[in-house]
2 protein chains.
Amino acid sequence: MGVTTNDIARICQVSRTTVIRALNNQGRISKETKDRIVRTAEELGYRPDLLARGLVKGKTMYIGVVVFDVKNQYFAQMLSAIETEAQTRGYCVNITLHGKNREKEVDLIRKLVDYHVDGLILSPVNKGEHFNKFLKSLDTPLIVIGNKVSDEIPFVGIDERRAAREATDKILDSGYERVVFVCPPLGESKEGNNYTHEQRLEGFRDAMGSRFTEGQIISSESYGEEAASILEEGGGRTAFFCSGDIYAMDIMKYLKARGKRAPKDYGIMGFDDIELLEYLSPRLSTIYNSVEEVAKRAVELLFDEMEGREIAMETYERYRLVQGETL
Amino acid sequence: MGVTTNDIARICQVSRTTVIRALNNQGRISKETKDRIVRTAEELGYRPDLLARGLVKGKTMYIGVVVFDVKNQYFAQMLSAIETEAQTRGYCVNITLHGKNREKEVDLIRKLVDYHVDGLILSPVNKGEHFNKFLKSLDTPLIVIGNKVSDEIPFVGIDERRAAREATDKILDSGYERVVFVCPPLGESKEGNNYTHEQRLEGFRDAMGSRFTEGQIISSESYGEEAASILEEGGGRTAFFCSGDIYAMDIMKYLKARGKRAPKDYGIMGFDDIELLEYLSPRLSTIYNSVEEVAKRAVELLFDEMEGREIAMETYERYRLVQGETL
DNA sequence: ATGAAAGCGCTAACAG
DNA sequence: CTGTTAGCGCTTTCAT
């Protein structure tokens with residue numbers, strides 16, 4: 001449908017090669033013919049066919065990103081950072097979503113690879129040896145954010161376990177007698193990749209030591225109700241350590257409707273420090289997870305990998321406890 | 001690098017044409033050879049090169065989406081809906097962001113078109129005849145959401161003007177003597193497409209009628225402070241009508257820090273009904289703008305257009321006043 | 001039921 | 001400085 005180099009070559013009475021040289025200004029070419037070609041190309045509204053170019057060059061100047069959701073602020077922030085970082089390098093980002101559907105995730109990755117994206121950034125919901133093999137078989141540079149797949153797939157994130165331990169220590173230091181770990185993702189299918197949340201649980205366990213009991217974990221969808229009934233029980237000053245700010249927000253909302261408020265009636269701590277916390281009060285105590293830095297680093301590493309440099313299999317960014325008003 | 005139809009043809013001792021027929025099961029082919037081909041293709045891990053396929057078919061089964069931000073919940077919800085809707089039709093979505101950079105927006109659109117996406121959904125920040133011509137010149141089916149470009153580019157959205165008028169009427173009916181319209185986007189460059197917000201302003205004007213004065217518009221970045229100083233002035237019960245929930249949230253936060261609360265000290269109304277409002281209290285009065293429906297409709301129309309059907313140039317979805325606690 | 005040949009639009013190696 | 005040739009991997013007539 002569009003104008004091709006052939007058309008221009010015919011009109012300018014030169015070969016296609018010359019047209020290419022003029023348009024991509026490479027190689028020796030006389031200023032006159034070049035100008036003539038460039039001018040007619042513009043007049044005709046010539047646009048290179050990127051599929052054809054990609055086919056022959058084996059590069060597309062696109063990097064693919066696969067995540068499950070953008071409504072989740074964590075991913076929204078991540079995607080923004082990736083986009084910015086990639087564009088400064090002249091690359092475009094192709095973002096695709098699958099909503100925690102594991103087969104769809106694999107399909108999307110495949111399709112991106114079949115389209116020859118030059119690199120891939122994922123925050124996968126799949127896990128296991130099968131998925132690991134799959135990723136390795138792609139021979140496309142890729143970086144995983146957050147949910148580690150294996151030691152063979154480069155990973156960027158924060159030390160979730162240590163962060164969770166410190167957070168729990170902080171809660172304990174604040175004098176809470178009972179600490180409950182709230183982590184709905186752990187209640188989801190065991191087939192999914194929950195590395196991040198599992199690490200947080202480990203950190204919680206580390207800090208609790210001998211005080212840990214299974215009863216201190218809420219992993220159901222109805223965590224609001226469960227939290228409420230735990231508070232009803234009595235049994236000492238209680239704090240909820242939530243494996244995600246959003247769960248903390250839900251709990252605060254739920255308990256508030258029942259007349260209970262933090263930090264007066266209970267303590268609560270989140271995880272992620274998503275941007276919308278600034279609109280809430282009381283300010284939630286949480287852990288800043290450096291999404292932007294993680295995303296930026298992921299892009300850096302991806303480009304290193306794309307350019308053939310050796311990269312670390314694990315890269316950790318800093319996290320930081322955020323002192324709020326809910327402990 | 002990968003396995004091609006040529007490799008399979010050689011191995012199976014057939015022609016490439018036969019391989020294609022087997023793999024895409026089309027045309028007549030004996031079950032035996034077909035099975036043999038399919039099996040070896042699987043064994044070798046054959047994957048079709050989508051660039052090559054796209055090049056020859058002129059279709060890519062991708063639709064491109066260009067918006068400026070995903071951190072904005074409005075867009076996050078929109079993108080989710082588009083993704084879901086497109087995937088049920090077997091299409092992938094390529095989301096790209098430009099952060100209100102007008103040149104970058106044009107570049108991204110161009111690039112998507114040069115990659116032969118089969119359709120395009122935009123919420124543009126460009127406007128004017130030049131941009132209109134540009135879009136028309138693409139000869140790629142496209143739909144615009146929210147910011148109308150012209151009568152020649154299919155548009156989906158809600159009747160912003162009418163919604164804003166009703167909202168203002170509602171505020172006036174609630175007994176507020178002074179109503180201020182808060183719309184920071186109107187303070188940005190006049191070069192940008194602010195159709196949505198301009199319509200909301202018109203609606204506000206419609207409702208205010210002779211009571212309207214220019215002094216009732218806040219369009220600066222420091223709307224928090226301005227709102228505060230307006231309240232200080234005194235001068236009757238005051239309400240802020242914000243052209244976006246986020247501005248309302250900011251104002252509430254700002255005023256709260258100064259000891260003023262809605263609806264006791266002032267009234268406030270938002271626009272969009274973004275999902276995170278449910279975490280706030282008091283519940284913001286606002287206007288539900290049917291993002292999901294709008295997005296879904298946009299995809300429907302896009303497919304109609306892609307399939308050659310005639311489509312309406314303007315499509316409006318319902319909106320709905322949401323009765324909150326801030327008026 | 002299968003194959004040969006041409007072509008999508010671009011690039012690159014090699015001549016001249 | 002310019003042109004010729006071959007090819008990326010797939011699809012699509014048109015033959016056989």
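Every chain is numbered from 1 and lettered A, B, ... according to where its sequence line falls, protein lines coming before strand lines.
Among the duplex regions that DNA chain C forms, those built from at least three successive Watson-Crick or G-U pairs under 3.5 Å are C:1-16 with D:1-16, ordered by first number.
Leu122(A) places a side-chain heavy atom less than 4.5 Å from the side chain of Leu135(A). The closest side-chain heavy-atom distance from Arg36(B) to Thr33(B) is below 4.5 Å.
Thr4(B) has no side-chain polar atom (N or O) that falls below the 4.0 Å cut-off from OP1 or OP2 of dC8(D). Proximity of Thr18(B) to the phosphate of dT2(C): no side-chain N or O atom is located under 4.0 Å from OP1 or OP2. Residue Arg53(B) places at least one side-chain N or O closer than 4.0 Å to OP1 or OP2 of dT11(D). Taking only side-chain nitrogens and oxygens, Thr33(A) comes nearer than 4.0 Å to OP1 or OP2 of dT2(D).
Taking the six-membered ring where the residue is Trp, the centroids of Tyr62(A) and Tyr115(B) are separated by under 6.0 Å.
Look at CD1 on Ile20(B): it is 15 Å from C1' on dA5(C), rounded to the nearest Å. Atom NZ of Lys34(B) is separated from atom C1' of dT2(C) by 15 Å (rounded to the nearest Å). Spacing between atom CG of Leu51(A) and atom C1' of dG9(C) amounts to 10 Å, rounded to whole angstrom units. Atom CG of Leu55(B) and atom P of dC8(C) are 9 Å apart (whole Å). Regarding Leu50(A), its CG atom lies at a distance of 15 Å from the C1' atom of dC8(C), rounded to whole Å. Atom NZ of Lys57(B) and atom P of dG9(D) are 19 Å apart (whole Å). When rounded to the nearest whole Å, the span between CG of Asp114(A) and P of dC8(D) equals 18 Å. One interatomic measurement links the two molecules: CG of Asn6(A) to C1' of dT4(D), which rounds to 14 Å at whole-angstrom precision.
More than 12 heavy atoms of other residues, nucleotides or ligands lie within 6.0 Å of NZ in Lys100(B), so this atom counts as buried by the packing criterion. Surrounding CD of Glu32(B) are at most 12 heavy atoms belonging to other residues, nucleotides or ligands under 6.0 Å away. Other residues, nucleotides and ligands contribute only 12 or fewer heavy atoms inside 6.0 Å of the NZ atom of Lys296(A).
Below the 3.5 angstrom threshold, one finds no donor paired with an acceptor across the side chain of Thr17(B) and the base of dT11(D). Side-chain atoms of Arg21(A) and base atoms of dG3(D) include a donor and an acceptor less than 3.5 Å apart.
Among the protein residues, Ile29(A) comes within range of the sugar-phosphate backbone only, with heavy atoms under 4.0 Å from sugar or phosphate atoms but none that close to a base.
Partner Phe131(B) forms a side chain to side chain contact (heavy atoms under 4.5 Å, CB included) with one of Val125(B), Asn193(B), Ile109(B) and no other, that one being Ile109(B).
Candidate nucleotides dT2(C), dG9(C), dG3(C) were compared by shortest atom distance to the side chain of Ser30(B), and dT2(C) ranks first.
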